[in-house]
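One is the number of the first residue; the rest follow in order along the sequence.
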Amino acid sequence: MLIGRIRERAAVDRLLAAARAGKSGSLVLRGEAGIGKSALLDYAAEAAGDGMRVLRGAGFEPEMELPFAGLHLLLRGAAGTIDVLPEVQARALRGALGLEPGYDGDRFLVGLALLTLLADLAERRPLLCLVDDAQWLDHASAEALMFAARRLDAEGVALLFAAREDEHAFPAAGVPDLRLTGLDATRAAELLAAHAGDLAARARERVLREAQGNPLALLELPALLTAAQSTDEAPIHAIGIGSSPASGRVHQAFRDRVARLPEGARTVLLVAAADDTGALDVILAAARKLGVDLADLDTAEAAGLVHIGDGRVVFRHPLVRSATYHLASLVRRLAAHRALAETLAGRPGDVDRWAWHLASAATGPDEESAAALERSAEHARARGGHAAVSAACERAAQLSPDPRERGRRLTLAAAAAAEAGLYERAGDLADRAASDVADPKALAYLARTRAMIAMAHGEAGKAHALLAGTAEAIIGQAEDMAITLFFEALTPAWIGSDYAALARTATRVSELHSTKGGQLQPMRRVLTGMGGLAGEEPPAGLAWLRDMIEGLRDRTEPVELQERAQLAIWDLVIGDDSMAHDRAVAIERECRAQGAIGLLPLALALVARSQMFLGMHREALASAEEGLRVARDTDQGYYAALLVGVLTYLAALEGDEERCLKLAEQIADVRDAATGGMRCVSLNLLDLGLGRPEAALRRAEEFGAFGPAARAVMVMHRMPDLVEAAVRAGRDDFAVAASERVQMWAAQTPSPWAEAVALRCRALLAPDEEAERYYEQALHLHLRGGRLFERARTELLYGEWLRRLRRRADARRQLRSALDIFERLGSRPWADRARAELRAAGERQTGEGRPSEGVLDRLTPQELQIIRMAATGLSNRDIAAQLFLSPRTIGYHLYKAYPKLGVASRAELARLDLDEGECLTG
């Protein structure tokens, strides 16, 4: 029975009540060892009663390097339900748990599979998952559990974690936590009285003072007292209870209790502590190699330090395990690991544990142990356990007699740590590897790893220097590899807006007189083209890119999704929005089909940008918001910033100043060209739409309106706005310079909308006798398709020009079309401006804006996404698999959406117009 803990029990009760009502939730209990976290988990399990299913697991310190060890323990009673998951998810989870050897899946897909599995288990009755000592979960299990926890919604699942507050802090971003402190004086005295009520007064006071309200200390410290000390006949200070923290004193108490055991019992406890399975047969087999047997284990159980049941040895408390292991001498620990390695040798399914025990028994360089650990790392890689790969490779490096092998293995460890998002650790490993790496291939791999770490820290310049510098260093030995590194160095230079570095790299490659051909030629062409984009002749660079993309279209599309995503980026660079959209949507669909969650944020960023430009603003909002959720769940900050940029632009286009400024602030410190440029474009558009052209011009000049960034891909997004702003502000010199950039860029962009925008800019600067010709040519090109928002802006400017010439009937025709498009796109400030112009042109009834009566306006972006999928006949389970949510959450959103649409079932969705495609043609 818990004494006290009213606040904590209430929090647990609320979590369970919500789950019973169909609402999911998570909570992390944090506190020092012995503070009562495990007792609260016991309370939750008891409070769940027969009405809830309970899964229980824990982290174990020796298992922190084994991928998905914690998940395996949690799901050991539910593994039979994996096969009913969607096949791609089932394979991922089976692979993670070692049930499908050789499967190499997306590590984020394991989190989705876990989410679906938990939702399935909760279908019949609410589910409670309890995870003790979460700070010792392996990284892969913790990542999967947090992915699921952040996406649980309407399934009736409760996740309750207990974690220590020490150097192994359990990261749980997005999940609420509750910190436990010691019991107050009254409750502490009550607990001590219930457990050791026969203590004399001074002994009781001393124990209460030393325990500091720690419940486990209150239970354990009395056992250290002699009979004389318990009755106040001897001073308590003689046993050494002193000034260390309560958890430290409890640890010492367990050490003392273990030390009092016979040698045989200490030995079998040491084997159990060194083992990471708790399997009774393994522990006894290894213990017998050291001369002890079951009778010694019985002695340890009788002492209350372990419990034996269901074929497992379970320590009473994790501190008992720790105390046992650290009490033993190094020689005895080595012997225990050696005995376990001999026991596990040749056992199917225990290869990884054998390798770790073999390595733990080594006393110096040992290539056999190092090679075994590297093979274990490959097994971990196939299961998506990148943190485990890193740990195995690092230990293998420590055991490597050959310095070259040590450097290679440290490099592998660094790369795996970076892939797991452990960038501080990855940087340290890479630094340690550098002195032992000399082979060109290994140098290139190390450079890529260090560049990845630099990019994660936002150091694009450092990433470029690492790649380009290594390319220069190995060019005499491996020119093909060097050219590849030069090619890879383009991305950080572009992201960091370092156009001088980009141009230098392109020039360096052009100087090479290589006989290499084949697959390197496209890289050289792209290098030359990107150099042109950064240099003084951007049209030439754009032409190179356009020719390259068109050449690729004549051949088979690349197989790798990442390569195809790069092509979609280049489609946007040259202004081919439709091709970028088609390619990005295809990539997005494959990401969903394959469960490639790691790449999905990039795919959705490309989809959202192309939808935004094509006038599919509701679609763009849904794509961007989903992409942002996934990017944050998977800790991909760069893609998250790209998606916030899209949301910022959409808010600016709608004239939602408060939201636009709030979103822009989130990416204010991002310096890459794509995100920084989109932020600048968005704020310029907001100011222009709200009638503040001078503010847009000031920002442009601060940003470097005609510097290198102005020659990059943001020209066609930014410069037309600046031309209009400059004309309105009477800055003709600025307007002419900006228009020249637009003309130069549009001349190399095979898109009618780009040429139309360039003609609009010329019309703004032309005398009246020429302006009409430019406007008419622009509108003719706009009608061939492309960016609908730009067409409406051309019509608005043309209508304003016609009204000033008193050609009111002609003006009204243009302004009505512009108003209709602006209202369809939800561009409030632009619609207001068109409406005002219409009134000035003599329109009697312009209305106050189109009322939001369409079905699309009644739904949130996520509801719209789900409704559209449901209308095609997809089941909740199918939709959940594609949107990386649980089926129950999909059902919950449909339940909320149906009344908004006036329907009661999927069958009725078919009669609704859910298509936004009208915006593509106007």
ask   = Can you list the steps and then say if L815 with Y798 is a side chain to side chain contact (heavy atoms under 4.5 Å, CB included)?
value = CA-CA 8 Å; L815 294 170; Y798 189 18; over 6 Å; no

ask   = Taking the side chain as C-beta and beyond, is there a heavy-atom pair between P492 and L467 under 4.5 Å?
value = yes

ask   = How far does CG of L685 sit from SG of C680, to the nearest 0.5 angstrom?
value = 11.5 Å

note = Here the gap from L602 atom CG to I587 atom CD1, rounded to the nearest 0.5 Å, amounts to 7.5 Å

From CA spacing to verdict: side chain to side chain contact (heavy atoms under 4.5 Å, CB included), S817, R791 = CA-CA 9 Å; S817 177; R791 170 185 156 184; 3.6 Å; yes

note = To the nearest 0.5 Å, atom CZ of R609 lies from atom OG of S623 at 13.5 Å

ask   = Would you say the side-chain atoms of R583 pair up with the backbone N or O of L606, donor to acceptor, closer than 3.5 Å?
value = no

ask   = If you measure only the distance, is there a donor-acceptor pair under 3.5 Å linking the side chains of Q865 and E626?
value = yes

ask   = Are E588 and L604 close enough that some pair of their side-chain heavy atoms sits under 4.5 Å apart?
value = yes

inquiry  = For the residue pair H893 / Q862, report whether a side-chain donor-acceptor contact shorter than 3.5 Å exists.
reply    = yes

message = Quick check: do D577 and S751 have side-chain heavy atoms less than 4.5 Å from each other?
response = no

query = How far apart are the closest heavy atoms of A451 and A463, and which atoms are they?
reply = O-CB, 3.6 Å

message = Check this for me, if you would: do E863 and K900 make a salt bridge, where the nitrogen-to-carboxylate-oxygen distance has to be below 4.0 angstrom?
response = yes

key: Side-chain heavy atoms of V742 within contact of R762, under 4.5 Å   = no

request  = Flag the pair M612 / M678 as yes when at least one side-chain heavy-atom distance between them is below 4.5 Å, and no otherwise.
outcome  = yes

query = Got a donor-acceptor contact below 3.5 angstrom from the S682 side chain to the Y649 backbone?
reply = yes

note = Residue pairs passing the salt bridge (Lys or Arg N to Asp or Glu O under 4.0 Å) test with at least one member in residues 647-666, sequence neighbours excluded, are E625-R659, E657-R692

note = CG of L697 to CG of D687, rounded to nearest 0.5 Å, is 9.5 Å

Side chain to side chain, L883 and M869, heavy atoms closer than 4.5 Å = yes

message = Applying side chain to side chain contact (heavy atoms under 4.5 Å, CB included) to R632 and L628, what does each step give before you reach the verdict?
response = CA-CA 6 Å; R632 286 174 172 166; L628 183 58; 3.6 Å; yes

query = Can the ring centres of F789 and W830 be said to be less than 6.0 Å apart?
reply = yes

inquiry  = Is there a side-chain contact between D768 and L805 in this structure, where contact means two heavy atoms from C-beta onward sitting under 4.5 Å apart?
reply    = yes

inquiry  = Under 3.5 Å, is there a donor on one side chain and an acceptor on the other for R718 and N684?
reply    = no

Residues E823 and R828 bridged, charged N to O under 4.0 Å = no

message = Show every salt bridge (Lys or Arg N to Asp or Glu O under 4.0 Å) that has at least one partner inside residues 797-812, sequence neighbours left out.
response = R728-E800, E772-R807, E800-R833, R803-E837, R807-D810, D810-R813

query = Between the main-chain N or O of L885 and the side-chain N or O of T889, is there a donor-acceptor pair closer than 3.5 Å?
reply = no

Check against side chain to side chain contact (heavy atoms under 4.5 Å, CB included), R679 and V644 = CA-CA 9 Å; R679 177 179 182 274; V644 171; over 6 Å; no

key: Which atom of L764 lies closest to which atom of E724, heavy atoms considered   = CD1-CA, 4.0 Å

inquiry  = Check this for me, if you would: do R816 and E795 make a salt bridge, where the nitrogen-to-carboxylate-oxygen distance has to be below 4.0 angstrom?
reply    = no

ask   = Is there a side-chain contact between L614 and W753, using heavy atoms and a 4.5 Å cut-off?
value = no

inquiry  = So that I can tick it off, tell me whether R868 and E619 are bridged by a salt bridge, with the cut-off set at under 4.0 angstrom between side-chain N and carboxylate O.
reply    = yes

inquiry  = Which heavy atom of V757 sits nearest to which heavy atom of P720, and what is that distance?
reply    = CG1-CG, 3.4 Å

message = Check this for me: does any side-chain nitrogen of one of D721 and R793 sit under 4.0 Å from a carboxylate oxygen of the other?
response = yes

